[in-house]
Amino acid sequence: MTAPELPPPRSSLPEAASRFGAHLLASAAAHALDVEGVTGGPPGTPSLPAPPVTSASALAARPLPAAPAAGAPAPSAGLDRILRGPSGLGTAGLRLFPRDEPQAPPSPPAAAAEGRPVPGLYHHTVTEPDPGLVEEVSRRIKAWALDEVSLYPEDWEEQFDGFSVGRYMVGCHPDAPTVDHLMLATRLMVAENAVDDCYCEDHGGSPVGLGERLLLAHTALDPLYTTEEYRPQWAESLHADAPRRAYRSAMEYFVRAASASQADRFRHDMARLHMGYLAEAAWAQLDHVPEVWEYLAMRQFNNFRPCPTITDTVGGYELAADLHAQAGMQKVIALAGNATTIVNDLYSYTKELDAPGHHLNLPVVIAEREGLSERDAYLKSIEVHNDLMHDFEREAAALAEACPAPGVHRFLRGVAAWVDGNHHWHQSNTYRYTLPDFW
């Protein structure tokens with residue numbers, strides 16, 4: 001079998017720095033409210049036009065302000081308007097912070113979400129994802145899973161449908177300009193869950209030998225460059241099991257639509273994810289319950305971070321590499337990943353208790369390490385989540401004020417929309433999740 005050929009990376013934009021001039025700073029507030037439409041490429045091979053990229057080089061010498069302390073004055077009215085994003089029909093998901101302004105009702109009215117939120121959990125309510133769009137993404141992802149990568153056997157179909165990944169991704173990416181763009185995130189999400197289920201958890205996963213499996217799967221994302229003698233064996237291995245087939249295919253679609261820097265940043269975050277998997281596997285092999293701070297450190301790596309980090313690719317634009325890599329942006333993305341992963345710990349708590357084996361999640365670790373009852377540990381976990389969410393919003397506000405560039409503000413709105421959509425999916429996915437009887 002010959003090795004799959006990956007398309008050449010899209011060229012970079014060397015003029016990015018020159019575009020960040022005084023005229024852009026002066027008009028940043030107005031431009032930050034625009035969400036441009038971007039057409040996708042042919043079906044199955046989405047292609048994004050080279051978007052404007054804003055460089056951070058002009059801001060490099062400007063120190064970022066410290067995040068405002070709890071209870072500090074709110075941002076100025078102008079900045080607050082930018083952070084909230086556009087107003088009007090179809091734009092609710094593009095606001096960054098609390099949705100407390102009067103809004104026109106959607107048309108037609110969206111169905112109310114099923115399920116109920118965790119009592120006391122800090123979150124923002126969002127509108128139900130468009131059912132027609134959800135149906136189309138769900139149809140396409142199932143066809144991909146069955147016809148292109150042979151992802152699961154027939155008896156897993158109910159679980160695949162119950163995951164409702166189409167509804168998940170439509171809700172998390174409200175500014176995706178086309179279904180092709182939404183499919184970039186949807187394939188990657190399904191592939192990541194296949195690796196988690198088949199290598200780590202529900203469907204034959206085990207901590208034993210996990211490092212080898214993850215390393216070989218990672219070469220489907222980050223290609224192996226080896227000798228001609230051994231390259232065919234590696235290429236054949238990419239089809240050896242469902243997780244590797246899914247990773248290979250999803251990544252091929254992604255690199256055709258992403259810039260070289262966007263693809264590389266995603267690979268980096270997937271390496272972080274795999275490192276987190278390995279830490280959790282080591283604890284499982286040792287039958288060890290980590291300290292709470294150690295668990296939270298693991299969760300900064302084994303978390304949802306790869307999902308919001310691609311929000312610009314899915315949105316049809318690019319945040320410049322130097323802006324994405326700056327410490328303030330990395331902190332915002334990390335906090336978003338941390339908070340959304342604790343959401344998963346809270347909503348999946350009863351599901352994991354009912355599953356075989358000893359599953360670590362934040363309430364379990366707090367209960368065992370701090371000697372609290374199950375209920376008190378769960379309630380304390382809600383507080384941990386809320387602290388992370390408040391930190392995320394404060395840091396995002398500070399970054400938006402320090403970097404008044406349209407791409408930064410749009411990216412921050414995209415990450416916030418992902419955070420809100422992630423909670424909405426967990427709350428409303430009653431097929432998978434039920435809340436404990438602690439209230």
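- At a threshold of 4.0 Å, the pair R245-E148 does not count as salt-bridged, since none of the basic side-chain nitrogens sits closer than that to a carboxylate oxygen.
- G407 and Y317 make their closest contact through O-CE1, 4.3 Å (heavy atoms, listed as atom of the first residue, atom of the second, distance).
- S373 contributes a side-chain N or O that, together with a main-chain N or O of D376, makes up a donor-acceptor pair within less than 3.5 Å.
- Side-chain contact annotation: E128 with S428, donor-acceptor N/O pair under 3.5 Å absent.
- Ionic pairing of D161 and K142 is present here: one or more N-O contacts between side-chain nitrogen and carboxylate oxygen are shorter than 4.0 angstrom.
- Side-chain atoms of H288 never come within 3.5 Å of backbone atoms of L286 as a donor-acceptor pair (strictly under, hydrogens ignored).
- One finds a salt bridge joining R140 and D180 here, because a Lys/Arg side-chain nitrogen approaches an Asp/Glu carboxylate oxygen to under 4.0 Å.
- A side-chain donor-acceptor contact under 3.5 Å links N303 to the backbone of Q300.
- Taking 4.5 Å as the limit, some side-chain heavy atom of I333 sits within range of a side-chain heavy atom of R305.
- The shortest non-hydrogen separation linking V134 to P129 is CG2-CB, 3.7 Å.
- G166 and V137 make their closest contact through CA-CG1, 3.8 Å (heavy atoms, listed as atom of the first residue, atom of the second, distance).
- Ring-plane geometry between W418 and F304 is classed as tilted, the angle between the planes lying from 30 to 60 degrees on a 0 to 90 degree scale.
- The six-membered or imidazole ring of W156 lies away from that of F163, with a centre-to-centre distance of 6.0 Å or more.
- Annotation: side chain of F411 is in contact with side chain of M329 (closest heavy-atom distance under 4.5 Å).
- If you run ring-ring contact (aromatic ring centres under 6.0 Å, His included) between H423 and each of Y347, Y433, Y168, only Y347 comes through.
- Side-chain contact between V364 and Y349 is present, with at least one heavy-atom pair separated by less than 4.5 Å.
- Listed for the N386 side chain is a donor-acceptor partner under 3.5 Å among the backbone atoms of G120.
- In this structure, A258 and A263 approach most closely via the heavy-atom pair CB-N, 4.2 Å.
- Annotation: side chain of P436 is not in contact with side chain of E374 (no heavy-atom distance under 4.5 Å).
- Between the R299 side chain and the N338 main chain, no donor and acceptor come within less than 3.5 Å of each other.
- Between the E318 side chain and the T313 main chain, no donor and acceptor come within less than 3.5 Å of each other.
- Between the R369 side chain and the V289 main chain, a donor and an acceptor come within less than 3.5 Å of each other.
- Side-chain contact check for T219 and W234: at least one donor-acceptor pair (N or O, by modelled atom type) lies under 3.5 Å.
- Expressed to the nearest 0.5 Å, how far CG of D155 lies from CD of E158 amounts to 10.5 Å.
- Inter-residue side-chain proximity for F160 and L146 is flagged as unmet; no heavy-atom pair is nearer than 4.5 Å.
- The shortest non-hydrogen separation linking R265 to I310 is NH1-CA, 4.5 Å.
- Between H124 and Y122, the ring planes lie perpendicular to each other; the angle is over 60°, past the 30° to 60° tilted range.
- Annotation: side chain of V170 is not in contact with side chain of T186 (no heavy-atom distance under 4.5 Å).
- For the atom pair CG (N344) and NE2 (H385), the distance works out to 11.0 Å, reported to the nearest 0.5 Å.
- The CD atom of Q330 sits 11.5 Å away from atom CG of L335, with the distance rounded to the nearest 0.5 Å.
- Looking at R213 and D241, no side-chain N of the basic residue comes within less than 4.0 Å of a carboxylate O on the acidic one, giving no salt bridge.
- For W293, the CH2 atom counts as loosely surrounded, since its 6.0 Å shell holds 12 or fewer non-hydrogen atoms of other residues, nucleotides or ligands.
- Using a 4.0 Å cut-off between charged nitrogen and carboxylate oxygen, E252 and R248 count as a salt-bridge pair.
- A salt bridge does not link E383 to K380: none of the charged side-chain nitrogens sits closer than 4.0 Å to a carboxylate oxygen.
- Checking side-chain atoms of Y277 against main-chain N and O of N302 turns up no donor-acceptor pair under 3.5 Å.
- Although no hydrogens or angles enter the test, the distance criterion places a donor-acceptor pair under 3.5 Å between the side chain of S259 and the main chain of Q262.
- Taking 4.5 Å as the limit, every side-chain heavy atom of V149 sits out of range of all side-chain heavy atoms of V190.
- Minimum interatomic distance between L319 and D312 (heavy atoms only, all atoms of both residues): N-OD2, 2.8 Å.
- In this structure, R410 pairs ionically with D175, as a charged nitrogen and a carboxylate oxygen lie closer than 4.0 Å.
- No hydrogens or angles considered: nothing links the side chains of N422 and T340 as a donor-acceptor pair under 3.5 Å.
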### Verdict with supporting geometry, Y199 and E212, side chain to side chain contact (heavy atoms under 4.5 Å, CB included)
CA-CA 10 Å; Y199 284 3; E212 177 190 16; over 6 Å; no
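- With contacts defined as side-chain heavy-atom distances shorter than 4.5 Å, the pair F254/R187 does not qualify.
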